[in-house]
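Quick caveat, the model's predicted, so the values are computed rather than measured. Throughout, a chain's letter reflects where its sequence line sits, starting with A, and its residues are numbered from 1.
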Number of protein chains: 2
Amino acid sequence: MKKVRWEEIMTVAARLFCEKGYMATTMDDIAAELYITKPALYYYIRTKHDLLYEICEVAIKRLMEGVESIEASGGPPEERFRELVRWQINMFSEHGDIINVYLADESELPTEKREYIRGLSREYESIYRELLRELIDEGTFREMNIPMAVRAISGMCNWLSNWYRPEGKMTADAIAGIFLDLIFNGFRSDAAMPGVGTRVKSGRVAKTTSRPEAVTAQAADRKH
Amino acid sequence: MKKVRWEEIMTVAARLFCEKGYMATTMDDIAAELYITKPALYYYIRTKHDLLYEICEVAIKRLMEGVESIEASGGPPEERFRELVRWQINMFSEHGDIINVYLADESELPTEKREYIRGLSREYESIYRELLRELIDEGTFREMNIPMAVRAISGMCNWLSNWYRPEGKMTADAIAGIFLDLIFNGFRSDAAMPGVGTRVKSGRVAKTTSRPEAVTAQAADRKH
DNA sequence: TTCAGTTTACTGAACGGTAAGTAGAATTAT
DNA sequence: ATAATTCTACTTACCGTTCAGTAAACTGAA
């Protein structure tokens, strides 16, 4: 079955692009990993760029799928927001190769395909902005510069590509939990509120805290 | 003067690596930009990797310089933390090319040099962790998973490499102001606090808020 | 016999890097 | 002061290698 083989090729290509980078991976590398020759590889694909394009498309579409099903769930904004962050961070453990390739090498795509992918990614961002708007309107979040807040949150999440290891101590869910705790409960201590002195070790507000989670997690870079 | 020419070469190389990526930039590209031939370029440098290495080293060292002078200033932890975030974000406007190359292509360095650079970057991170520790100990911040909080903050800041344009509407200072506001004052609305309604809008501590800043800022990617 | 899937053998272009040579300015010797 | 020498800053021409991609022949199963 051709489809099966094609998916194997995509998986291997994504892994190698992720490990070494798109430009540094040769078609011979990919072929060798599949125990075939380079021309055999070209029997299934047209160009190297196509490979990258398919990977990026799968990545952004998988991101969108999650977003759409969360939006369709009709839950309260806060829960939808939490689900969204969890989904995005989960991508790094469930589909690490493709999301890392997408984040690192999307810029290597030929202009037209790159613009198409970026269009999808703008759609994705706009959902984040709308959700933040809802959260502000319902009074959960305060007024803020929405595009900048989205960039801050995206940055926290997407930066996982620079340190997260699936085999590490921190699970994606644990990371999402900590990040959401920081977003919803802030960094500041209750005791730091002007006025009273002693710290109340987050009385009730922050009971979704992260404390029990491992306090360390090793880092090491992805590209060898 | 040879030093002068060498600095020109570094500047041009950083710009091209930033625009097209290290791997996609050829030595002829760099030479052409300097109106000389490739061998003339090799009169000044040893290898292509050296070029990348020097750029990364300048980037991380400039980051460290700032950190050290801030630490030496002996100000209160909160002010040092704010200065640190401002310094880091300012790197993107003052030395955008080198920091972007450092963040994007450091992984292309040959093993030994890469490890040296990563050692420096670990030192840099540990300063962040220590500062967070101080902030917690003095009661400004609550107990938290420090390494994860550092990653969240680094992510917010370093993600600038994916959307910040120096010629855009948002200045580095404005961005730092917004991010610091989010970190110190959180996302959550005062009204959303359970129990009692109004919270003191952090009397003095947080009057550096971002609200008046532009609510939008265009994004577009760096690599052509 | 057919044909999907594969191989061997190759092309053309581009790459990082080098060898060898040189114009002209700077330095030294006479 | 001038002639001889050395040095800086390059150039032309090229090497060895690697790359994406292809033509055409082969193989084994239905």
Tyr42(A) OH - dA25(D) C1' separation (whole Å): 20 Å

Is there a donor-acceptor pair closer than 3.5 Å between any side-chain N or O of Asp181(B) and the backbone N or O of Gly177(B)? no

Between Lys20(A), Lys48(A), Arg15(A), which is the residue that forms a salt bridge (charged side-chain N to carboxylate O under 4.0 Å, His left out) with Asp29(A)? Lys20(A)

Within residues 29-38 of chain B, the residues having a heavy atom closer than 4.0 Å to DNA chain D are Ile36(B), Thr37(B)

Strictly by modelled atom types, are Asp173(A) and Asn90(A) linked by a side-chain donor-acceptor pair under 3.5 Å? yes

Would you call Glu130(A) and Arg133(A) a salt bridge, taking side-chain N to carboxylate O under 4.0 Å as the test? no

Closest non-hydrogen contact found for Phe92(B) with Ser161(B) is CE2-N, 3.5 Å

Counting only non-hydrogen atoms, which of residues 47-56 of chain A are less than 4.0 Å from DNA chain D? Thr47(A), Lys48(A)

Do you know which two heavy atoms are closest between Ala13(A) and Ile30(A), and how far apart they sit? CB-CD1, 4.1 Å

Between dG16(C) atom C1' and Glu108(B) atom CD, what is the distance in whole Å? 15 Å

Atom CG of Asp28(B) and atom C1' of dA13(D) are separated, to the nearest Å, by 13 Å

Measure CD1/Ile9(B) against C1'/dA9(D) and give the value in whole Å, please. 11 Å

Closest to the 5' end of DNA chain D, once Arg46(A) and Ala24(A) are matched to their nearest nucleotides, is Ala24(A)

Select one nucleotide: of dG16(C), dC10(D), dT7(C), the one nearest the side-chain heavy atoms of Tyr44(B). dC10(D)

Rounded off to whole Å, could you give me the CE-to-P distance for the Met23(A) and dC15(C) pair? 9 Å

Look at the side chain of Pro39(B) and decide which nucleotide, out of dG5(C), dT12(D), dA20(D), has an atom nearest to it. dT12(D)

Within the pair Arg5(A) and dT6(C), is there a side-chain N or O less than 4.0 Å away from OP1 or OP2? yes

Could you tell me whether the side chains of Gln88(A) and Tyr128(A) share a donor-acceptor contact shorter than 3.5 Å? yes

Using the test ring pair (Phe, Tyr, Trp, His ring centres under 6.0 Å), find all partners of Phe187(B) that sit at least two apart in sequence or belong to another chain. Phe141(A)

Which value, rounded to the nearest 0.5 Å, describes the distance between Ile9(A) atom CD1 and Glu54(A) atom CD? 11.5 Å

Length of the line joining Trp6(A):CH2 and dT6(C):C1', which is rounded to integer Å: 21 Å

Figure out the NZ/P separation between Lys20(B) and dC15(C), and round it to whole Å. 8 Å

For a quick test of reading the model: is some side-chain N or O of Tyr43(B) closer than 4.0 Å to OP1 or OP2 of dC10(D)? no

Side chain of Ala40(A) (C-beta onward), nearest among dT11(D), dT7(C), dT22(D): dT7(C)

